[in-house]
Chemist: 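This is the structure I have questions about; it appears just below.
Keep in mind that the numbers below use all heavy atoms, side chains included, and drop hydrogens, waters and symmetry copies. Everything numeric here is computed off the predicted structure, so don't read it as measured data.
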Amino acid sequence: MASAVPAEQQIEGSPKQVTGDSFIRLHLRKLSPYQPILPFEVLSTRLGRKPEDIIKLDANENPYGPPPRLGRKPEDIIKLDANENPYGPPPEVVEALGTIRFPYVYPDPETRRLRAALAEDSGLESDYILAGCGADELIDLIMRCVLDPGDKIVDCPPTFTMYEFDAAVNGALVIKVPRLPDFSLDVSGIAEVVKEEMPKCIFLTSPNNPDGSIIDDEDLLKILSMPILVVLDEAYIEFSGLKSRMDWVKKHENLIVLRTFSKRAGLAGLRVGYGAFPLSIIQYLWRAKQPYNVSVTAEISACAALSNPNYLEKVKNSLVQERERLFSLLKKVPYLKPFPSYSNFILCEVTSGKDAKRLKEELAQMGVMIRHYNNKELKGYVRVSVGKPEHTDALMQCLKLLQ
């Protein structure tokens, strides 16, 4: 039986040898993979250190526990390099996971229990809310529903790199409007691009990752007045002290607001996010999403986390307080210029002739992990996630040794 051969490989009836990648869409063959934060197992192998001897300050995961030199258990490892919540979820989450009765049954495809809890938490009716396997899934889902190959999106770097990555996966073109030197949006530049390039959507983050700046109402309203779909990512909104714009979707047909449980509730490993959508848009996302996209464990955990708002508030306040202390201490480091942040991380420019990549590597050898950037907009910068006070102390001791 003859094997099928792509038309591009057929030459006068004599097919070339078939290779697997010949079946892959051309733009994906040229796509560079997304570079995620490395897990402890990989880091410990590369550094020649035990996992319990590594302090991770580059992913914003749970950093609490004594310094590694005190012999911590693996579950107490400090990890501050991906903007996770260092305190972990409320105790109700662990208790709820231990009482799962029907793990062999598919989850509710409409996540009704979680959406009802989110409606109570946010004050926005559940009809406007859609949950996903992390906000990342919703970003991709929005693009799949909105973008045809060749359509354009607006990106405002430096910002969350998944917008550009998912656009490439979906065959879209990215029009970049770089942020101003203080990391605020170039609203006039966005308006010019919208007029000339006619892009379909723009992705905005507030607070922005990696600098922690926020978008004020005036600028957001100006962008919403443009003929473009605005996707506002509020992954870090809890640390800003500002009110979410979720309820704005009832007034603005071109606004989507995304949220996550990864930062607020310490559920990064369980992958659960959600979004608020105008009713005219959400009906189509319901049609296109995977039917069982939120797992049983994710929904149970998210609902359990929402049942303890006092814990969530306490953790948030602790992180905000530690952020301010960390910022004050980083300002005293002669080779660092930290930027004020409304999030759970602080971006720093590496100055005084020091090399940012080498600084990250030297800290890694000392067991402290921070985030370093190679892209054009952030060359010479590092990002430090906010951990517990003892994590800040360990970091500052290492930075002092490198002066």
Side-chain angles (χ1 to χ4, degrees), residues 83 118 121-125 128-132 134-143 145-147 152-167 172 174-177 179-180 183-187 189-191 193-194 199-264 273-282 284-285 341-344:
N83 302 346
L118 286 169
D121 178 69
S122 67
L124 181 67
E125 297 89 335
Y128 293 88
I129 299 173
L130 178 68
D136 287 351
E137 185 204 12
L138 297 179
I139 292 169
D140 180 65
L141 179 61
I142 291 165
M143 291 193 186
C145 289
V146 171
L147 301 174
K152 301 171 183 177
I153 75 162
V154 179
D155 191 35
C156 300
T159 192
F160 188 37
T161 54
M162 280 300 295
Y163 310 137
E164 183 177 0
F165 177 80
D166 279 336
V174 178
I175 308 298
K176 295 187 179 183
V177 181
R179 289 171 176 262
L180 300 175
F183 296 106
S184 62
L185 291 174
D186 181 359
V187 179
I190 292 171
V193 162
V194 170
K200 271 197 173 178
C201 58
I202 181 172
F203 285 80
L204 304 173
T205 312
S206 183
N208 187 47
N209 178 10
D211 64 276
S213 62
I214 56 175
I215 303 172
D216 61 35
D217 286 357
E218 182 180 357
D219 283 346
L220 182 56
L221 287 170
K222 286 179 181 178
I223 299 172
L224 283 168
S225 70
M226 304 175 193
I228 189 170
L229 176 63
V230 179
V231 182
L232 180 64
D233 189 340
E234 291 186 337
Y236 303 96
I237 190 68
E238 290 82 12
F239 307 106
S240 71
L242 302 176
K243 185 178 183 298
S244 170
R245 274 87 167 225
M246 283 180 66
D247 58 351
W248 284 32
V249 303
K250 301 175 76 171
K251 299 178 181 179
H252 299 276
E253 288 280 306
N254 62 328
L255 175 64
I256 292 171
V257 180
L258 301 180
R259 301 281 298 274
T260 179
F261 281 87
S262 296
K263 328 300 178 185
R264 175 189 186 187
Y274 58 102
F277 303 81
L279 297 181
S280 57
I281 291 178
I282 198 170
Y284 296 103
L285 273 76
S341 172
Y342 287 87
S343 193
N344 66 335

Chemist: In Å, rounded to the nearest 0.5 Å, how long is the span from NE2 of H252 to CG of L221?
Modeler: 5.5 Å
Chemist: Ion pair present between D121 and R264, side-chain N to carboxylate O less than 4.0 angstrom?
Modeler: yes
Chemist: May I ask you to decide whether K251 forms a salt bridge with D247, counting only side-chain N to carboxylate O separations under 4.0 Å?
Modeler: no
Chemist: Enumerate the residue pairs fulfilling salt bridge (Lys or Arg N to Asp or Glu O under 4.0 Å) with a member in residues 229-241, sequence neighbours excluded, ordered by first and then second residue.
Modeler: E238-R259
Chemist: If you compare all heavy atoms of A167 against all heavy atoms of M143, which two are closest, and at what distance to 0.1 Å?
Modeler: N-SD, 3.3 Å
Chemist: Give the table of side-chain donor-acceptor pairs shorter than 3.5 Å for residues 222-231, with sequence neighbours excluded, one pair per line with atom names and distance.
Modeler:
| unit_1 | atom_1 | unit_2 | atom_2 | d |
| --- | --- | --- | --- | --- |
| S225 | OG | K222 | O | 2.5 |

Chemist: Does a donor on one side chain and an acceptor on the other come within less than 3.5 Å for S262 and T260?
Modeler: yes
Chemist: Rounded at 0.5 Å granularity, tell me how far CG in L130 sits from CD in E137.
Modeler: 8.0 Å
Chemist: I need the single residue from L255, V249, L285 that forms a side chain to side chain contact (heavy atoms under 4.5 Å, CB included) with F277. Which is it?
Modeler: L285
Chemist: Looking at every non-hydrogen atom in both residues, tell me the closest pair between P207 and S343 and how far apart they are.
Modeler: CB-CB, 4.1 Å
Chemist: Can you check whether F261 and Y274 have ring centres sitting under 6.0 Å from each other?
Modeler: yes
Chemist: Which heavy atom of C156 sits nearest to which heavy atom of R179, and what is that distance?
Modeler: O-NE, 3.0 Å
Chemist: Taking S122 for the side chain and L118 for the main chain, is one N or O donor matched with an acceptor at less than 3.5 Å?
Modeler: yes
Chemist: Could you check I256 against I142 for side chain to side chain contact (heavy atoms under 4.5 Å, CB included), going step by step and ending with a plain yes or no?
Modeler: CA-CA 9 Å; I256 292 171; I142 291 165; 3.9 Å; yes
Chemist: Quick one about T205 and Y163 (side-chain donor to acceptor, distance below 3.5 Å, no hydrogens or angles considered), yes or no?
Modeler: yes
Chemist: Over all heavy atoms of both residues, which pair between A276 and L124 is shortest? Give the atoms and the distance, please.
Modeler: CB-CD2, 3.6 Å
Chemist: Would you please say whether a donor-acceptor pair under 3.5 Å links the side chains of N208 and S213?
Modeler: no
Chemist: Would you check, one step at a time, whether the test side chain to side chain contact (heavy atoms under 4.5 Å, CB included) holds for L279 with Y128?
Modeler: CA-CA 6 Å; L279 297 181; Y128 293 88; 3.5 Å; yes
Chemist: Report yes if some heavy atom in the side chain of S206 is under 4.5 Å from a heavy atom in the side chain of R245; otherwise report no.
Modeler: yes
Chemist: Any side-chain heavy atom of V174 within less than 4.5 Å of one from F203?
Modeler: no
Chemist: Could you report the tightest heavy-atom contact between S244 and V257, atom names first, then the distance?
Modeler: OG-CG1, 4.3 Å
Chemist: Consider side chain to side chain contact (heavy atoms under 4.5 Å, CB included). Of L232, I153, I190, which one does I202 pass it with?
Modeler: I190
Chemist: If I take atom SG from residue C201 and atom CG from residue L204, how far apart are they, to the nearest 0.5 angstrom?
Modeler: 10.0 Å
Chemist: So does L242 get a backbone contact from the side chain of S240, meaning a donor-acceptor N/O pair under 3.5 Å?
Modeler: yes
Chemist: According to the ring-ring contact (aromatic ring centres under 6.0 Å, His included) rule, which pairs have a member within residues 204-231, sequence neighbours left out?
Modeler: none
Chemist: First locate atom NZ of K243, then atom CG of D217, and finally report the distance between them rounded to the nearest 0.5 Å.
Modeler: 10.5 Å
Chemist: Ignoring hydrogens, what is the shortest heavy-atom contact between P158 and F183? Give both atom names and the distance.
Modeler: CG-CE2, 3.6 Å
Chemist: Crowded around Y342 OH? As in, over 12 foreign heavy atoms under 6.0 Å?
Modeler: no
